[in-house]
2 protein chains.
Amino acid sequence: MADKDTLRERQRRRERPKKAPLTRQGILNAALTTLREEGLNKVTMRRIATALDTGPASIYVYFRDTEDLHVQILDALLGHVGTSPITGGTWQEQIKALLTRYRDVLFEYPEIARMALSTRLSGPNYLTLVDAALALLQEGGLPDREAAWGIDQLLLFTTAVAAEQSTRQAMPGAAEEELALAFEVAAVDAGQYPQIARLGNELLSGTGPDRFAWGLDVLLSGMRNTHRQVENPDPSTTTP
Amino acid sequence: MADKDTLRERQRRRERPKKAPLTRQGILNAALTTLREEGLNKVTMRRIATALDTGPASIYVYFRDTEDLHVQILDALLGHVGTSPITGGTWQEQIKALLTRYRDVLFEYPEIARMALSTRLSGPNYLTLVDAALALLQEGGLPDREAAWGIDQLLLFTTAVAAEQSTRQAMPGAAEEELALAFEVAAVDAGQYPQIARLGNELLSGTGPDRFAWGLDVLLSGMRNTHRQVENPDPSTTTP
DNA sequence: ACCTGAACACCGTTCAAGT
DNA sequence: ACCTGAACACCGTTCAAGT
């Protein structure tokens, strides 16, 4: 009877509430939860498997290896970074807004940013972001040749800033490290490192966001003034 | 007798040839050998300890943890990057030569570059490099405020390029990945990613060194044309 | 102080066997 | 095809005990 079946069904669920048919999405969701609650280095095959009430081998049905899992997490995280519209301002301001949005995602998940540097990304959400940025560069009148290389540099800078900055704030003892750095700069031997001693605290000045914004301005300004050389065509790799 | 002692000494050495008094340098040397022969992720506490014929706990006498070991390896690797003289050319060419030298070291050890992004470096060799670069920026007439932030960006870019590029070439299957990327760009949906489709192979053009050199030019040019805003002084953190 | 064996609490990945 | 338990070959770090 329906009643009896429902009851039995409920009891079964209560016993093992997380047990559901294994799917790619299900694994990804469990991974995202673990990421939020415990950080990327707890997003391990074994842990996700345990959360889903199975053995580690099961995850390998859907993900090639741990890196594959992490890459797919990032694209899931990127969500609508590239699609939600950006309004107002010059094209420079718009591209800065777009990249800041990207940086903010990476900022929330320090280790993801570091991973993003060592893996070619190719998820749909990432491609959308790249396309949107390229459109803005074109709008700004940047020649295609420079835009093609420039987008790489803009994304590389953004990712690197996130990887660098977010590590510190997320880690226990980050504050002490900052302080130690300040002392170090102050204590630096003026004979051995004259420039560092001379610039002193100027080296540590400014907030993360201010430095990031300045960095983007430098890149955008530099790109417009730096033409790519015509590459010397290598005859050995060119068909006649 | 001397003869007998020497013989006994030799035999003792032959039995356990690596056993020597444990020193920081000795551990570092063993670590460098392992790095060269097996890569950074084999530079583990346990492995170095085994190589030195002792238990893992012994390493903790000289290094706080695994990260500390890795950081000190990088500074050892940096050797004379910052001290051996750079001759000829404009200050731009000189700073490019200096950073290229830095990149080359990081290129040889992919994982070290990635690590360098997430850890504040402060070894003597690293500071020497920073100081030399700052001197060149000053020689080029870059104002101190911009130089202080600019050096950060130059080093960040260099490290990121090394982390990104070197991963691919060092990994098994890097060639296939490049190829897969090329196919991907070719196959991209022109409706969904119009800009990527439009630029096509332009996005993949150029060699690593050409892109790196262009990137440095962009940065150096941009820095000279981008003044730092006067930061809005935050009254809550300023003493009156 | 310096050094260490042993223990604790984890990992990724593969494989043979199950459904 | 999809899923899994068990096994293999590793990790970092701490601690109590030794010299």
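These numbers were taken from a predicted model, which means no experiment stands behind them. Labels below follow one simple rule: chain letters A, B, ... track the order of the sequence lines, proteins then strands, and each chain is numbered from 1.
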key: Protein proximity profile, nucleotides 12-19 of chain D - base contact B, sugar-phosphate-only contact S, no contact -, cut-off 4.0 Å on heavy atoms   = BBBB----
Salt bridge (Lys or Arg N to Asp or Glu O under 4.0 Å) with [X]: which residues, sequence neighbours excluded?
{"X": "B/R36", "answer": "none"}
{"X": "B/D131", "answer": "none"}
{"X": "A/R101", "answer": "none"}
{"X": "A/D65", "answer": "none"}

remark   = Encoded 5' to 3' (Watson-Crick or G-U under 3.5 Å; [ ] crossing; | other strand), DNA chain D becomes ||.|||||...|||||.||
query = Applying salt bridge (Lys or Arg N to Asp or Glu O under 4.0 Å), which residue pairs with at least one partner in residues 196-209 of chain A are found, sequence neighbours left out?
reply = A/R198-B/D144, A/E202-B/R228
Whole Å only: how far is the [atom1] atom of [X] from the [atom2] atom of [N]?
{"X": "B/K42", "N": "D/dA9", "atom1": "NZ", "atom2": "C1'", "value": "9 Å"}
{"X": "A/N41", "N": "C/dA9", "atom1": "CG", "atom2": "C1'", "value": "15 Å"}
{"X": "B/I48", "N": "C/dT4", "atom1": "CD1", "atom2": "C1'", "value": "17 Å"}
{"X": "A/D53", "N": "D/dC3", "atom1": "CG", "atom2": "P", "value": "14 Å"}
{"X": "A/I59", "N": "C/dC11", "atom1": "CD1", "atom2": "P", "value": "13 Å"}

ask   = Side chains of B/R211 and A/Q153: closer than 4.5 Å at any heavy-atom pair?
value = no
task = List in chain and number order the residues that pass side chain to side chain contact (heavy atoms under 4.5 Å, CB included) with A/E37, two or more places apart in sequence or in another chain; answer none if no residue qualifies.
result = A/T33
query = Between atom CG of A/L106 and atom CG of A/L78, what is the distance when rounded to the nearest 0.5 Å?
reply = 7.0 Å
task = Could you tell me whether the phosphate oxygens of C/dT4, OP1 or OP2, come under 4.0 Å of any side-chain nitrogen or oxygen in B/T54?
result = yes
ask   = Looking across every strand, which nucleic acid part, if any, lies under 4.0 Å from B/Y62 by heavy atom: base, sugar-phosphate, or nothing?
value = sugar-phosphate
message = Using atom P in both nucleotides, what's the gap between D/dC8 and C/dA9 to the nearest angstrom?
response = 22 Å
message = Show me the pairs that pass ring-ring contact (aromatic ring centres under 6.0 Å, His included) and involve residues 192-213 of chain A, at least two apart or across chains.
response = A/F157-A/F212
